[in-house]
Amino acid sequence: MSFFISDAVAAAGAPSQGSPYSLVIMLVVFGLIFYFMILRPQQKRAKEHKKLMESISKGDEVLTSGGLVGRVTKVSDTGYVSIALNETNEVVIKRDFVAAVLPKGTMKAL
């Protein structure tokens, strides 16, 4: 006579419990997936970018995260880099905003 609850579900009683360790195992597996898919590659990229920042020297041709291409004219100890965009324009940016060090001669090819 009940239209909303089937007799089989209502008569089943308490649902069966799984292993108490299954939740812990599942959380550990998700933690490992999170570490290897997200955290580890991000840490690797950050380490490579830090190495790139330390290797910038005068005369390098660089690409900034803003899209500017120029030649490094001065590197300061405070974390700033002076970049010559052409013979007349020069900008000062933070060293962190350098996206890539380009091969020599890239500016002439543009």
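Basis for what follows: all heavy atoms, side chains included, without hydrogens, waters or symmetry-related copies. Here, residue 1 is the first one in the sequence, and each next residue gets the next number.
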Problem - Lys104 side chain vs Gly59 backbone, donor-acceptor pair below 3.5 Å - result: yes
Practice task
Please check if Val69 and Val98 belong to a single hydrophobic cluster, counting links between Ile, Leu, Val, Met, Phe, Trp and Tyr side chain heavy atoms closer than 4.5 Å.
Solution key: no
Exercise for the section: Could you tell me the separation between the CD atom of Gln43 and the CG atom of Leu39, rounded to the nearest 0.5 Å? Expected result: 6.0 Å
Practice task
Measure the spacing between CD of Glu87 and CZ of Arg71 and express it to the nearest 0.5 Å.
Solution key: 9.0 Å
Exercise for the section: With rounding to the nearest 0.5 Å, note down the distance linking CG in Leu85 to OG1 in Thr73. Expected result: 9.5 Å
Fill in the blank from the handout: The single option from Val91, Val81, Ile93 that satisfies side chain to side chain contact (heavy atoms under 4.5 Å, CB included) with Thr64 is Ile93
Handout entry: Common cluster, Phe97/Leu102, ILVMFWY with side-chain heavy-atom separation under 4.5 Å
Key = no
Fill in the blank from the handout: Correct closest heavy-atom pair for Arg95 and Met53 would be O-SD, 2.6 Å
Problem - Verify same cluster id: Phe34, Val28 (apolar side-chain graph, 4.5 Å) - result: yes
Practice task
Taking Asp60 for its side chain and Ser57 for its backbone only, find out whether a donor-acceptor pair lies under 3.5 Å.
Solution key: yes
Exercise for the section: Considering non-hydrogen atoms only, spot the tightest contact between Thr106 and Pro103 and give its length. Expected result: OG1-O, 2.6 Å
Exercise for the section: Spell out, yes or no, whether Leu68 and Leu63 are grouped together once hydrophobic residues are joined by side-chain heavy atoms under 4.5 Å, including indirect joins. Expected result: no
Completion exercise
Between Val75 and Lys58 the two heavy atoms that sit nearest each other are CG2-N, 4.2 Å
Exercise for the section: Flag yes if Val72 and Val101 sit in one hydrophobic cluster, no otherwise; membership is Ile, Leu, Val, Met, Phe, Trp, Tyr, and two members link when side-chain heavy atoms are under 4.5 Å apart. Expected result: yes
Problem - Lys94, NZ: over 12 other non-hydrogen atoms inside 6.0 angstrom - result: yes
